[in-house]
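Step one of this worksheet: look at the structure below.
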Amino acid sequence: MSYNLPAMFMNPLLDHLNAPQLAAVTLPPAHALILAGAGSGKTRVLTTRIAWLISTGQVSPPGLLAVTFTNKAAKEMQTRLASMLPINVRGMWIGTFHGLCNRLLRAHYRDAGLPQLFQILDSADQQASVKRLLKSLNVDDEKFPPRELCHFINAQREQGMRAAAVEAYDDWARKRIGLYEAYEAQCQREGVVDFAELLLRSYELLERNEPLRRHYQERFRHVLVDEFQDTNKLQYRWLKLLAGGGAHLFCVGDDDQSIYAFRGADVGNMGDFEREFKVANMIRLEQNYRSHGNILDAANAIIKNNPQRLGKNLWTEAGSGEPIRIYESYSDGDEARWIVEEVKALQRDGHTRAEIALLYRSNAQSRALEHALFNAGLPYRVYGGLRFFERAEIKHALAYLRLIANTDDDTAFARVVNFPARGIGARSLENLQDAARAANSSLHSAIPQVFGAGGAKLAAFAQLIVTLRDAAHLPLPELVDHVLELSGLRSHYQNEKEGQERLDNLDELINAAASFVAEEGTPNQDGEITGEFGNDLSSFLAHASLEAGEHQAGEGDDALQLMTVHSAKGLEFNVVFISGLEDGLFPHENSLSETRDGKSGLEEERRLMYVAVTRARQRLYLSFAQTRMLHGQTRYNLPSRFLDEVPQELVKWLTPRAGKGGFAASTTTTYAATPRRSESAGSAFRIGQSVMHTKFGLGVIVNAEGGGTDARVQVNFGHAGMKWLALSVAKLEAA
DNA sequence: TGGGAGTGCTTTTTT
DNA sequence: AGCACTCCCA
């Protein structure tokens, strides 16, 4: 490596970087893959790299493209960059895959075959759109469930496959592909684009339009990618295409934190990238600045059980710190109450609630926790709920706005044609749909074809849209206010008894519009790209779809942080509780049978566990319960196999240690609830009891039936699986 | 039209 | 259990 030493030493950007970080930041222009372990300063390296490239004159801001997955990460990068460099980061191409694709398509909408004011469908819109399609084609939605069909369509798109390119092996597949094709046509006619389409459409735009491709290939000299392990096949191809003119790809990722294979992410992209781009610069960031030694050791020990890793071992200069605490409880309720007590103790020791996270595998688990927290009066915040722009009243208001931008947007039309109720029932809508299909037109343009009473009401609705469109010149916040008034949305919620919160949200929408205009409105910062935004309205609508709005009430409050392990990725906390560590829950039972590209679902669950553990800075609690209420019935689970993967010398059991694969003997004495006896089995065994089998080992009785000599019990043996055993035959012993 | 009862689903999730 | 969705009746 050769770089200008004096310049390097004078550059304060590079202060306090460790050797591998410094090497990564100052890499000469070439492709690079940075394997960045959890808490190793990944974002820092990425932003410092950009700042360094610019400040040393190796690239000008417009020559740089940086991609992330979430708006949060993109914003974080921009903020940090702005603090490092005296430049305007707003015009730079730093954003999410979808955000950048949107930008590209807005700038070249004609070449992409889209209307100027094309709208973006979020997943819910997409499903509604598919549903409507099935209805209009008289397709049985039992045979083709809209949800499943959306998955199929998105999966095809992520492979870069248009309907015409998908092969069919039977009638059903052919039919499904036909529906995919019809959906594509419907979107095109309506001038709407869903998330996957944003990517595929901009990929095709660049692939087919050579001058345009050359323009961008020559423009972008450095392409930087965050969370590279989460890219799907199409995103990787998109990157390859953009970097095809000799740009340098700088990809940062961690194969051990790949937890989105289930939605198409392909860790294989890391290996492919290394091979296809002959990456000579692979740098490992293994020094962790986040967690104490015991926590890291536990994480390393867990992830070591995964074969096929690129290989990495985190270390820290911090001391080993506290032991990892493990707690066993009888039920999910007991577990939650214990967490409450422990949190109270932590507070007495000076921990703030906001620095404590309660993590779980699936959202359904939050209920028991919330219940206990609520009863204890502990403030908490649950992440991952309904977001601002996804609320029904907001979507209604946005639908009116979308109709102002584009009357052919049938999804928006169908949403509000009869909301608030204006007497346009199913019958009139059916007539309208028939007319639209016959004329191959949008619902809106078919209105004159419908006659009778329904027709009159529809015409009145069309008139409402016209009136609203006449106001389109108003400043955006005023336009929104106008729409709320004239559409009748406001008075509708005023008359509803529980409508106050919705009214507040609608007012909040006006505020959102105002701050959007103040921050990002009135376009064209980027001199090179013209027509980047059609106008404030359409860019606000795109903003609403692409950035559903994380803001929730109580953001700044000192509240406990409740979230799934997935949504905790990228975050860190002083204290972390991982609850529900039971086989079947975490690892999730569905994962045990899954395989994707030769990799087992269990491995992904293990990476998820790795992510969870590495969120903790100082203290980590792991907890599990013998019984858990799920989907309305009580389940009996064994402790998670991941607990066995934590070296015992790092652990402090807060309850008597559970045996290998089984529960601690007679801990039930400490629990208030009395386990039910199985009357039918009529034996010494009861549901929930731990038993020992000569061949299968330790297990828990989860069900029983029959009696006397016919008595049979169902036992969960964990690794050996679930078995029905006849008591008269099987030699079972209480354990 | 709108509400009340009945039915079915339920891993993880960003854009 | 809890929620979203559908269907049917007043």
Side-chain angles (χ1 to χ4, degrees), chain A residues 67-74 95-102 120-128 131 141-142 145-148 151 154 157-158 193-200 202 226-227 230-232 234-235 258-265 332-333 359-368 370-371 383-387 389-390 392 418-428 457 496 542-550 563-570 580 584-594 601 604-605 607-609 611-612 628-635:
Chain A
V67 202
T68 63
F69 272 84
T70 63
N71 291 302
K72 203 172 159 194
T96 63
F97 277 101
H98 294 87
L100 295 172
C101 287
N102 176 49
I120 299 168
L121 301 186
D122 66 20
S123 336
D125 295 332
Q126 184 190 27
Q127 239 186 82
K131 221 169 174 173
D141 62 1
E142 305 259 292
R147 220 174 94 98
E148 198 270 339
H151 280 157
N154 294 337
R157 293 233 176 99
E158 280 163 16
V193 165
D194 60 40
F195 288 140
E197 181 72 10
L198 277 174
L199 271 156
L200 183 52
S202 58
D226 189 19
E227 306 274 16
D230 286 337
T231 50
N232 64 34
L234 180 58
Q235 286 161 337
S258 155
I259 55 174
Y260 286 112
F262 75 93
R263 64 169 198 220
D332 47 356
L359 308 184
Y360 34 81
R361 175 64 178 84
S362 62
N363 281 310
Q365 289 167 250
S366 76
R367 201 169 298 280
E370 287 185 68
H371 183 76
Y383 285 74
L386 201 57
R387 284 163 321 163
F389 287 110
E390 291 169 357
N418 196 35
F419 193 96
R422 36 179 83 87
I424 301 174
R427 177 59 58 77
S428 316
K457 286 175 179 161
E496 205 171 66
H543 165 84
S545 301
L546 290 173
E547 202 169 333
E550 256 305 311
M563 65 192 86
T564 63
V565 180
H566 279 93
S567 39
K569 191 166 108 167
L585 243 178
F586 196 179
H588 197 277
E589 53 201 349
N590 294 1
S591 74
L592 300 179
S593 53
E594 279 173 1
E604 179 146 320
E605 295 288 307
R607 291 192 292 271
L608 200 49
M609 181 67 185
V611 168
R628 185 172 296 275
M629 188 70 132
L630 203 66
H631 306 323
Q633 50 184 345
T634 308
R635 299 170 38 125

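Every chain is numbered from 1, with letters handed out A, B, ... down the list of sequences.
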* Asked: Mind checking whether A:Val565 and A:Phe586 have side chains closer than 4.5 Å, heavy atoms only?
  ->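 The answer is yes; the side chains approach within 4.5 Å.
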* To do: Step through it carefully: locate the ring centre of A:His588, locate the ring centre of A:Phe262, and say whether they are under 6.0 Å apart.
  => no
* To do: Would you check if A:Phe262 stacks with the base of B:dT12, given a 5.5 Å centroid limit and a 30° plane limit, both strict?
  => yes
* Is there ring stacking between A:His588 and B:dT11, where the centres must be under 5.5 angstrom apart and the planes under 30 degrees? ->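 Stacking is present between B:dT11 and A:His588, given that their ring centres fall under 5.5 Å apart and the planes under 30°.
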* Would A:Ser362 and A:Gln365 count as having a side-chain donor-acceptor pair, cut-off 3.5 Å? -> yes
[X] has an atom [atom1]; how far is it from atom [atom2] of [N], in whole Å?
{"X": "A:Asp226", "N": "B:dT14", "atom1": "CG", "atom2": "C1'", "answer": "14 Å"}
{"X": "A:Leu608", "N": "B:dT11", "atom1": "CG", "atom2": "P", "answer": "15 Å"}
{"X": "A:Leu630", "N": "B:dT11", "atom1": "CG", "atom2": "P", "answer": "9 Å"}
{"X": "A:Leu234", "N": "B:dT14", "atom1": "CG", "atom2": "P", "answer": "20 Å"}
{"X": "A:Glu370", "N": "C:dA1", "atom1": "CD", "atom2": "P", "answer": "18 Å"}
{"X": "A:Glu142", "N": "B:dG8", "atom1": "CD", "atom2": "C1'", "answer": "10 Å"}
{"X": "A:Gln633", "N": "B:dT10", "atom1": "CD", "atom2": "P", "answer": "14 Å"}
{"X": "A:Arg427", "N": "B:dT1", "atom1": "CZ", "atom2": "P", "answer": "13 Å"}

Does [N] have OP1 or OP2 under 4.0 Å away from a side-chain N or O of [X]?
{"X": "A:Asn71", "N": "B:dT15", "value": "yes"}
{"X": "A:Asn590", "N": "B:dT12", "value": "no"}
{"X": "A:Lys131", "N": "C:dA4", "value": "no"}
{"X": "A:Arg263", "N": "B:dT11", "value": "no"}
{"X": "A:Asn363", "N": "B:dT13", "value": "yes"}

* Heavy atoms under 4.0 Å, any strand shown: does A:Asp141 hit a base, just sugar-phosphate, or nothing? ->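 Here A:Asp141 touches no strand at all.
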* To do: Assign A:Phe69 to base, sugar-phosphate, or nothing according to its heavy-atom contacts below 4.0 angstrom with the strands shown.
  => sugar-phosphate
* Asked: How many angstroms lie between atom NE2 of A:His543 and atom CG of A:Asn102, to the nearest 0.5 angstrom?
  ->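 That separation rounds to 12.0 Å.
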* Asked: The side chain of A:His631 lies closest to which of these nucleotides: B:dT10, C:dC3, B:dT14?
  -> B:dT10
* To do: Counting heavy atoms from C-beta on, name the nucleotide in C:dA1, B:dT15, B:dT11 closest to the side chain of A:Glu605.
  =>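 So the side chain of A:Glu605 is nearest to B:dT11.
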* Please state whether the base of B:dT15 and the side chain of A:Ser123 form at least one donor-acceptor pair under 3.5 Å? =>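 Side chain to base: pair present.
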* Mapping A:Glu594 and A:Phe97 to their closest nucleotides on DNA chain B, which lands nearer the 5' end? -> A:Glu594
* Determine yes or no for a side-chain-to-main-chain donor-acceptor pair under 3.5 angstrom, with A:Asn418 supplying the side chain and A:Arg422 the backbone. => yes
